[in-house]
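We number each residue from 1, following the sequence as shown. If you're wondering where the values come from, they're calculated on a predicted model, not measured in any experiment.
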Amino acid sequence: MTIEDWRAKIDLLDKRLLELLSERAEYVLAVGKIKSEQNMEVFDPERERLIISNILRQNKGPLDDDALRRIFESVIDECRRIESNER
């Protein structure tokens, strides 16, 4: 395969990642609505630790645990931000 072929595959994967991140954000907003109705806090540190723990337990590389932790902490932070903005 050529570099262009690999880049085309990466572009398609980026599109899928965008779709999945958007879907995750929609789910977060649905959970946020329930939390709001039940007067629950947006920030749930135990849940966030569980998410990271689950991801790291499933990691088979090539990204190392530190990289995945940073990526998912960023995703979680952004999702928490949009959840907070909806209140």
Side-chain angles (χ1 to χ4, degrees):
M1 285 183 50
T2 68
I3 192 169
E4 290 81 15
D5 295 331
W6 285 111
R7 287 180 173 166
K9 288 172 104 31
I10 290 169
D11 290 345
L12 287 173
L13 188 56
D14 286 345
K15 181 179 183 286
R16 286 180 38 209
L17 285 170
L18 174 59
E19 291 167 353
L20 290 170
L21 288 168
S22 294
E23 185 175 351
R24 187 187 198 286
E26 289 173 11
Y27 294 172
V28 165
L29 291 174
V31 168
K33 184 176 179 188
I34 294 168
K35 285 182 183 178
S36 182
E37 291 167 355
Q38 297 180 6
N39 294 317
M40 297 171 67
E41 295 292 324
V42 170
F43 180 54
D44 183 347
E46 185 56 36
R47 172 66 179 147
E48 292 185 13
R49 277 191 291 275
L50 180 62
I51 292 167
I52 298 294
S53 175
N54 288 339
I55 292 300
L56 297 182
R57 191 171 42 259
Q58 297 173 61
N59 184 20
K60 295 178 181 162
L63 293 173
D64 65 26
D65 286 354
D66 288 338
L68 283 174
R69 182 183 309 279
R70 287 189 304 272
I71 290 166
F72 275 86
E73 284 175 349
S74 181
V75 169
I76 292 167
D77 286 345
E78 289 305 316
C79 286
R80 189 181 331 110
R81 184 185 61 77
I82 65 168
E83 182 181 338
S84 294
N85 289 343
E86 285 293 308
R87 289 189 169 214

Heavy-atom side-chain contact between Arg24 and Ile76 under 4.5 Å: yes
Test salt bridge (charged side-chain N to carboxylate O under 4.0 Å, His left out) applied to Lys15 - qualifying residues, sequence neighbours left out: Glu19
Heavy-atom closest contact (Val28 atom, Cys79 atom, distance): CG1-O, 3.5 Å
Ile71 side chain near Ile55 side chain, heavy-atom distance below 4.5 Å: no
Side-chain heavy-atom pair Asp14, Leu18 within 4.5 angstrom cut-off: no
Spacing of Ile3 atom CD1 and Met1 atom CE [to the nearest 0.5 Å]: 11.0 Å
All salt bridge (charged side-chain N to carboxylate O under 4.0 Å, His left out) counterparts of Glu46, not counting sequence neighbours: Arg49
Spacing of Glu23 atom CD and Arg16 atom CZ [to the nearest 0.5 Å]: 12.5 Å
Distance (rounded to the nearest 0.5 Å) between Asn59 CG and Phe72 CZ: 9.5 Å
No-hydrogen, no-angle side-chain donor-acceptor test under 3.5 Å, Asp5 and Thr2: yes
Reported CG-to-CZ distance for the pair Asp65 and Arg57, which is rounded to 0.5 angstrom: 11.5 Å
Glu48: salt bridge (charged side-chain N to carboxylate O under 4.0 Å, His left out) partners, not counting sequence neighbours: Arg80
Leu63-Ile52 co-clustered via ILVMFWY side chain contacts under 4.5 Å: yes
Separation between CG of Leu56 and CZ of Arg69, rounded to the nearest 0.5 Å: 5.0 Å
Backbone N/O of Asn54 and side chain of Gln58: donor-acceptor pair under 3.5 Å: yes
OG on Ser84 to CZ on Phe43, rounded to 0.5 Å: 10.5 Å
Same apolar cluster (I L V M F W Y, side chains within < 4.5 Å links), Ile51/Leu68: yes
Lys/Arg-Asp/Glu bridge criterion (N-O < 4.0 Å) met for Arg81, Glu78: yes
Arg87 atom CZ, neighbour heavy-atom count above 12 within 6.0 Å: yes
Backbone of Val42 reached by a side-chain donor or acceptor of Lys35 within 3.5 Å: yes
Shortest non-hydrogen contact from Leu29 toward Ile82: CD2-O, 3.8 Å
